[in-house]
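As structure tokens, the structure follows; a few thoughts come after it.
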There are 2 protein chains.
Amino acid sequence: MKLLRNALLETFVTVADCGGFSEAQYALGITQSAISIRIRDLETSLGYRLCDRGRGGFRLTERGETVYRRARSMLRSARDFDAGLMELRGTVTGDLRIGVADAVSSLPGLNLTQALQRFGARPNDVQLDITVASPAELTQQLITGALHVAIAPFRNQIADLEYEDLCQEEHRLYCGAGHPLFTLQGQEAAPQDIAQYPLCQRSYDRLPLAGLAAGEPAASAANMEALAMLIATGQYLGPLPAHFADAWVRGGRLREVNGPEMRWVTTFHLATRRGQMHRRAISLFAEDVRRSCQTPPAAPGPG
Amino acid sequence: MKLLRNALLETFVTVADCGGFSEAQYALGITQSAISIRIRDLETSLGYRLCDRGRGGFRLTERGETVYRRARSMLRSARDFDAGLMELRGTVTGDLRIGVADAVSSLPGLNLTQALQRFGARPNDVQLDITVASPAELTQQLITGALHVAIAPFRNQIADLEYEDLCQEEHRLYCGAGHPLFTLQGQEAAPQDIAQYPLCQRSYDRLPLAGLAAGEPAASAANMEALAMLIATGQYLGPLPAHFADAWVRGGRLREVNGPEMRWVTTFHLATRRGQMHRRAISLFAEDVRRSCQTPPAAPGPG
DNA sequence: GAGATACATGAAATTATTTTATGTATGGAT
DNA sequence: ATCCATACATAAAATAATTTCATGTATCTC
């Protein structure tokens, strides 16, 4: 259903996404002629050109870029608006845009797969859309409405969003095969010993590594798997979530450094925009996440 | 121009505003038949009834109320969206919804009339809409987008809004004819004397009346003129902006109590929603307000 | 220069919306 | 109870808006 439909804007956004009229006709399900006319009409009523096109290629004009961004956002609002009205009927519809942090799938204490199964098992007609991004990006997208919910360790919480604690994630310090500390069988390295080796960290969301050099890490990676690979080179020490590193440790590619002395805990949150909960799909999903989430024991036992 | 038009929603909102189909046909410029069909189509696609109608009278259903509120807000966003796209053309259009506090027109140090004149003198095609409300209400309306700018003394500032100091307003303590303190010719009353008389205040935006009883005022009024009337009864002491009370004092209906000892200053702000300034009309108006505003001397001289 | 691509355009066809004309139901007056 | 006026619903006709079809123009590639 489309209440706040606007053929012209939707056409323009699709054309921009498709990079041309001819390609967009399949996405829109209308002929290229119709697209040509719609874009012409839109440009006429706006009074300026939105894109340069022709055999020479397709390109948005500067204003076209602006209109594209705003129109995208407006159409998203319109879809959410429609979904909200449909939900008054009792049915749960619309799309639900979920953002999660890296490597959330193996997080113990939060079974996201189960949460998604539960949500899917409800009588609903919701189109799910899941993306992975850094906490900062997730925050940004929640604010603009590009996302409805996000699950990540939100270190900086902002007033516009609403946060709910979900579970803890334990980070430990690891080294890779070839690292001087890799061969220490069962022994522990002295903290001051550890401090002299180069560190790698995630480029966003740096842990406050108490006891280690607080300076710039020697290397960083935007992605958990990428970070693990860095550590696995044997050139760096680096923190990883225990649940994530486990597979690597079992594979003999990583080894924990110093055991219980070098462990940190971060909290995962479920974040939504304030007042956004009036979309039923959102609060239902939040409920499913909550149910698939058991707070781990306060004192983490040995892996 | 209407890009994000939706005949159905607009029809529904207008019908609700008009309280019936027959009346709405004049507002919408279409026949009652067309309205009937549009509302039926809207209800059909939503799957629920929006209003009860007929000879028995017109009434929104419960869901209708919800849809009405949301649709109003959505249509407002759509209008602002359109205005934003039009402004990319260079012209300044759309509507500009301004909210001001009570009695802002006589505020010295801020010539709002002049600001409006300046704005009107610019080449633009903007539809102005000015409302008067309490700071709390203005804040609420800025957040929802019902207002674009507001001018008032905002004592509680919130993160979502952006505030800019405009000017000071001096408040003094007054009594009315018939009040025991009214006849004190040139003399001052002792502060502890003053404290025993009942006070009246504005129901919102209470001044911190240093030196006076901080308890509940004996009377309150939501409006400046109403407050002045309360004081003029001779039954209460009360604070008023000096610029506002002047006319009453000259008319012999009010008299200042205690002169320089009983004066308070509040700051007027111009508030907008963060990131809202990309509507050109808004920033132009803000500029006009700024230019029509001279900060008064730090130490206020005698009236 | 031929062929292909990418979009524009006029006329016809189709689809959507509105009006006209009339119907139904209800409250109030007699 | 009957009649009238009000308020909305509906079918059919009229009008308007949109889309397709068929074809045209320009440009890029070879």
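Residue numbers begin at 1 in each chain, while the letters A, B, ... track the order of the sequences.
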Euclidean distance, atom [atom1] of residue [X] to atom [atom2] of [N] [Å, nearest integer]:
| X | N | atom1 | atom2 | answer |
| --- | --- | --- | --- | --- |
| Asp52(A) | dA6(C) | CG | P | 16 Å |
| Leu28(B) | dT17(C) | CG | C1' | 14 Å |
| Arg38(A) | dA8(C) | CZ | C1' | 16 Å |
| Ile30(A) | dA16(C) | CD1 | P | 14 Å |
| Leu8(A) | dA17(D) | CG | P | 13 Å |

Within residues 32-63 of chain B or reaching into it, pairs that qualify as ring pair (Phe, Tyr, Trp, His ring centres under 6.0 Å) - sequence neighbours excluded: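 Listed once each, the pairs would be none.
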Full working for side-chain contact (heavy atoms from CB on, under 4.5 Å) between Asp95(B) and His148(B): CA-CA 9 Å; Asp95(B) 43 49; His148(B) 294 121; 4.1 Å; yes
Quick one: list whatever passes side chain to side chain donor-acceptor pair (under 3.5 Å) with [X], sequence neighbours left out.
| X | value |
| --- | --- |
| Asp52(A) | Arg49(A) |
| Asn124(A) | none |
| Asp17(A) | Tyr68(A) |

Where protein sits on nucleotides 2-11 of chain D, one letter per nucleotide: B base, S sugar-phosphate only, - none, heavy atoms under 4.0 Å: ----BSBBB-
Those residues that, when tested against Tyr26(B), pass ring pair (Phe, Tyr, Trp, His ring centres under 6.0 Å) (two or more places apart):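 Listed in chain order: nothing, the list is empty.
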Nearest to side-chain heavy atoms of Thr31(A), which nucleotide of dT20(C), dT20(D), dT17(C):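 From the listed options, dT20(D) comes nearest.
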